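Working notes for the structure below.
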Amino acid sequence: MAENAAPPAKTEEKRSWADEESDEEKEAAAPPSQAADEAQPSELKKIESLSISDGKDSGERLLDDPDDSEIKAVTSGDTVYTSAVTFEDLKLSDELIKGLYVEMGFSKPSKIQAITLPMILTPPYKDLVAQAHNGSGKTTCFVLGMLSRVDPKRKIPQAICICPTRELAQQNHAVLLKMGKYTGITSMCAIPSDSANYIPINKRPPVTEQVVIGTPGTIKKWTSAKKLSTRDMKILVFDEADHMLAEDGFRDDSERIMKEIQRSSGGCQVLLFSATFNEAVKAFVSRVIKDGNQIFVKKEELTLEKVKQYKVQCPDELSKVEVIKDKIFEFGQKVGQTIIFVRTRNSARMLHQSLTEEGYECTSVQGALKQEDRDQIIKEFKDGLTKVLITTDLLARGFDQRQVLSSTSCALIGTDQSWRKSSVISSIIFLRFLTGGVRKILSLL
DNA sequence: AAAAAAC
């Protein structure tokens, strides 16, 4: 459990350096008496609802969720699913159970696991679209799904997971190795290899590993070169599925891969997992996934309500850097590590440079770096060797930094969106110009 | 609108 970052000070002291809200925000947000950081959490703290429908049902049934005690069974189509109270309910192999208890340290399924795992593991293995908050145990759902649907005796690829970034693919692969430690199930990452150990595709032996986790381009390349057989695929997972299926994301690649695998395998189960699904993606999903189980959480407030938010208004770009130096570093030392999100690769580079020049220790990572360097920088941060990491959307999604540090981290937001997607951040500091943008953020609250 | 993957 990550304890909430104790705010460094109460409101009054905070205002010694954080400006008060502007007029624009006042009209956009709440009654003028309410400071912005009061306006956000408690009001949004509603009981989260789960909506369960069979995909054809237009009228969604909403199950109020009183700490999951009442939800025992949910039906979808003709199949009756019994929510899993224990992992034993799922009839997993002993080896897998051991991995869950010993390696992962789990005791019982989380709510999303209790509901989705039976849907994933019960014939006729329907497709599944599932939304679950960050930190709710989403990864376990599909990793466990893949591990239990693979036949350990057959040395051929039977499960694929596709992720939007190499980093996320590696992270998910690490989870799979850990959870599947005693199963003997083999797996590999399908991401572009770094220059040092590059193997031309035609020299690459066909994949014999049973689970493959990778990024779209490489998966596509390997399958079209017949190095990755999809004939015996039983389960296909898209992590961060909303991005994988968004028009400005990986939709084309994803759709092609999905079609190809479903064709060659004769209908393989597809799982779509994400913390967020906007309406456009939902509409697309319902076209692609015709007859699947669906789980949506009503609103995506969970990340928000745990988060303490501060705003600092800066008249110009230069003063942002001043605030980072004077305040963020100091604040970051109290709470642990800091991630600074910025919008562009270039600002990541520039900010890193100007901070370093002035003797502030930090690192930065963005997509223009070589893969080796990316891996190295992230490893150092996860190992706690570096305290301040500047990054772009590269780490905005699915970056799980709890596996390293139970202490809190602090994120400084330079973009409108990335902080909402990021996993466990207990504290947010906005740095924005006086003009523009603020209203947009407030409307999201 | 930029970032991500990968050509």
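We name chains A, B, ... by the order of the sequence lines, and we start the count at 1 in each one. No experiment lies behind these values; they were computed from the predicted model shown.
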For A:Cys163 versus A:Ile213, what's the shortest heavy-atom pair and its separation?
SG-CG2, 4.0 Å

In whole angstroms, the gap separating C1' of B:dA5 from CD of A:Gln170 amounts to 13 Å

Send over the distance from A:Leu394 CG to B:dA6 P, rounded to a whole Å.
12 Å

Over all strands shown, is A:Asp248 touching base, sugar-phosphate only, or nothing at heavy-atom distances under 4.0 angstrom?
base

Without decimals, in angstroms, what is the distance between A:Arg345 CZ and B:dA3 P?
6 Å

Between A:Arg374 and B:dA5, is there a side-chain N or O to OP1/OP2 distance below 4.0 Å?
yes

Nearest-Å distance, CZ (A:Arg256) to C1' (B:dA5)?
13 Å

Among the nucleotides B:dA2, B:dA4, B:dA6, which one has an atom lying closest to any side-chain atom of A:Pro192?
B:dA6

If I take atom CD in residue A:Gln371 and atom P in nucleotide B:dA5, what distance separates them, rounded to the nearest angstrom?
7 Å

Indicate whether OP1 or OP2 belonging to B:dA6 is found under 4.0 Å from a side-chain N or O atom of A:Thr215.
yes

Atom pair distance, as rounded to whole Å: CD1 in A:Ile201 and C1' in B:dA6:
13 Å

Please work out whether the ring planes of A:Phe296 and A:Phe277 are parallel, tilted or perpendicular, with thresholds of 30° and 60°.
perpendicular

Backbone of A:Leu394 reached by a side-chain donor or acceptor of A:Thr392 within 3.5 Å:
yes

Take the protein atom CG of A:Asp252 and the nucleotide atom C1' of B:dA4, then report the distance between them rounded to whole Å.
14 Å

May I ask you to check whether A:Ser187 and A:His173 show a side-chain donor-acceptor distance below 3.5 Å?
yes

Rounded distance (Å) that lies between atom P of B:dA6 and atom CD1 of A:Ile219:
9 Å

Correct closest heavy-atom pair for A:Val365 and A:Leu369 would be CA-CD1, 3.9 Å

If only side-chain N and O atoms of A:Arg166 are considered, is one of them under 4.0 Å from the OP1 or OP2 phosphate oxygen of B:dA4?
no

Looking at B:dA3, I'd like to know if its phosphate oxygens (OP1 or OP2) sit under 4.0 Å from a side-chain N or O belonging to A:Thr165.
no

Base, sugar-phosphate, or nothing: which does A:Lys221 touch, judged by heavy atoms less than 4.0 Å apart?
sugar-phosphate

